[in-house]
2 protein chains.
Amino acid sequence: MDNDVLRQAPLFSSLDDEAATALGGSMAETKLRRGEVLFHEGDSGDKLYIVTEGKVKLGRSSSDGRENLLAIMGPGQMFGELSLFDPGPRSATVTAVTDASFGSLSHDDLLRWLDGRPQVARGLLSQLASRLRKSNDVVADLVFSDVPGRVAKALLDLADRFGRTADDGVHVHHDLTQEELAQLVGASRETVNKALADFASRGWLRLEPRSVVIMDLERLSRRAR
Amino acid sequence: MDNDVLRQAPLFSSLDDEAATALGGSMAETKLRRGEVLFHEGDSGDKLYIVTEGKVKLGRSSSDGRENLLAIMGPGQMFGELSLFDPGPRSATVTAVTDASFGSLSHDDLLRWLDGRPQVARGLLSQLASRLRKSNDVVADLVFSDVPGRVAKALLDLADRFGRTADDGVHVHHDLTQEELAQLVGASRETVNKALADFASRGWLRLEPRSVVIMDLERLSRRAR
DNA sequence: TCCTAGCCGTGGTCCGGCTCACAACCGCGA
DNA sequence: TCGCGGTTGTGAGCCGGACCACGGCTAGGA
């Protein structure tokens with residue numbers, strides 16, 4: 001397993017060497033291929049996962065079958081912690097968007113760590129707080145912004161986390177279909193497609209399959225606010 | 001200050017007597033009258049508050065002045081913890097919906113408590129996890145449900161927390177204007193009013209100023225899903 | 001006691017975005 | 001090489017809900 005990624009994960013970045021290696025030892029490894037599901041909404045389970053490689057989507061589906069994505073998680077990010085501290089079934093389905101691997105930690109192991117090491121508790125608290133802040137922002141966006149605005153915001157967020165800057169712009173290999181992008185911003189595939197086409201026609205970005213090249217960050221950011 | 005309420009607050013319910021009284025001692029008391037503001041979105045500040053009496057609304061406003069309410073908090077509930085663990089400005093404005101009082105704890109005091117007492121850390125983690133779960137539910141509702149559905153959900157939640165059962169139904173003194181209720185569900189005042197009027201005309205509830213009496217919980221719950 | 005300021009109820013109009021429908025495209029396996 | 005399933009592009013129509021414009025109601029202050 002890739003211990004470097006774990007070491008740099010926000011959750012553990014405050015640990016000293018000895019603690020980090022010990023923690024690495026108590027974690028198990030899991031691998032998935034694109035499209036495979038790690039667990040389903042409603043499943044029971046008490047493991048916490050950290051992405052070491054690839055990307056996953058956290059999604060939930062409504063009674064009539066429509067889907068909504070809560071987040072895309074990449075290397076270093078943690079998920080599955082809700083069922084740990086607020087016992088109950090898994091609140092989302094986790095699916096690999098690319099081939100991916102994870103380190104996992106069981107409830108009991110984590111609690112052992114918590115009691116001894118206040119830094120781990122603080123790491124978890126700050127992770128959860130930051131997630132809560134983001135979730136609140138998403139709520140505000142759904143209420144205040146229109147679909148193009150939300151699409152712009154989502155692209156900027158993906159660019160921030162997965163983008164690589166080149167001469168012709170920021171290449172963002174988000175690995176999402178437009179359908180998935182639509183589920184992420186809470187809109188229909190068609191509307192998202194039209195928003196993207198509009199951005200492209202203005203020269204703000206270039207569309208490529210499962211990725212975009214952002215050519216005018218400035219304008220796109222302005223559209224997002 | 002009302003130590004009983006603090007003692008029963010979810011956050012501290014797992015503490016033993018000695019710890020609880022000690023904690024009570026290190027908390028300060030604040031009081032507000034209806035309409036007064038405790039702090040504004042964007043302010044700096046590192047205090048965590050627990051409501052001991054009354055209700056507050058946590059709200060944010062968009063650049064063009066529209067408002068949105070994240071939550072209504074009543075006795076025993078905690079807020080303001082985001083700025084503690086994910087340092088940054090306050091993410092919401094807190095306003096008293098009724099006369100209210102709070103116990104508060106500063107960053108430094110809380111950290112001292114955290115290091116010594118793993119139970120407090122667990123209490124905080126489970127509070128944050130539960131808040132995150134709720135916030136995710138709100139996102140799902142905004143994406144999947146229509147306005148009447150969201151209004152029904154909000155009423156049921158308020159009934160759950162502030163309702164008193166009587167012979168003629170569940171009396172819910174939510175203390176919110178329809179405008180505030182609308183901001184809570186992310187809709188316009190007019191649309192919310194029409195939804196309420198519709199529910200009333202079906203005999204599911206009776207409207208009263210700043211409160212409702214729910215007469216048919218069953219049907220209302222069915223409309224909410 | 002009246003006057004004013006918030007609230008609450010209810011119509012009309014308009015528009016963003018969803019749904020439906022279809023065409024073009026791209027990579028992949030038989 | 002030829003389908004073929006999964007994607008992407010785009011137009012037409014419709015509808016939920018925002019916005020606007022009132023009128024009535026109630027409570028609190030001069």
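On a predicted model such as this, the values are computed, not experimentally measured, just so you know. Just so we're on the same page: letters track the sequence lines, and every chain starts at 1.
- Residue A:Ser188 is classed as a base contact, given a heavy-atom separation below 4.0 Å to a base.
- Residue contacts for B:Asn193: at a heavy-atom cut-off of 4.0 Å it reaches a base atom on one of the strands shown.
- For DNA chain C, the outermost nucleotides in 5' to 3' order that have an atom under 4.0 Å from a heavy atom of chain B are C:dC7 to C:dG12.
- Contact check for A:Asp216 versus A:Arg202: no side-chain heavy atoms found under the 4.5 Å cut-off.
- Two residues, B:Glu179 and B:Lys194, neighbour DNA chain C, and the one matched to the more 5' nucleotide by heavy-atom proximity is B:Glu179.
- A salt bridge does not link B:Asp137 to B:Arg133: none of the charged nitrogens lies less than 4.0 Å from a carboxylate oxygen.
- Residue-environment remark: CG (A:Asp167) stays at or below the threshold of 12 foreign heavy atoms within 6.0 Å.
- Surrounding NZ of B:Lys153 are more than 12 heavy atoms belonging to other residues, nucleotides or ligands, all under 6.0 Å away.
- When each of A:Glu190 and A:Arg210 is assigned the nucleotide of DNA chain D with its nearest heavy atom, A:Arg210 is the one assigned upstream, toward the 5' end.
- Where DNA chain D meets chain B (any atom under 4.0 Å from a heavy atom), the bounding nucleotides read 5' to 3' are D:dG17 to D:dC20.
- More than 12 heavy atoms of other residues, nucleotides or ligands sit less than 6.0 Å from atom CZ of A:Arg222.
- Between A:Tyr49 and A:Phe39, the two ring planes are tilted [angle within 30° to 60°].
- Of the inter-residue distances, the one linking A:Ser104 atom OG with A:Leu110 atom CG reads 11.5 Å to the nearest 0.5 angstrom.
- A salt bridge between A:Asp141 and A:Lys134 is absent, with no side-chain N of the basic residue lying under 4.0 Å from a carboxylate O of the acidic one.
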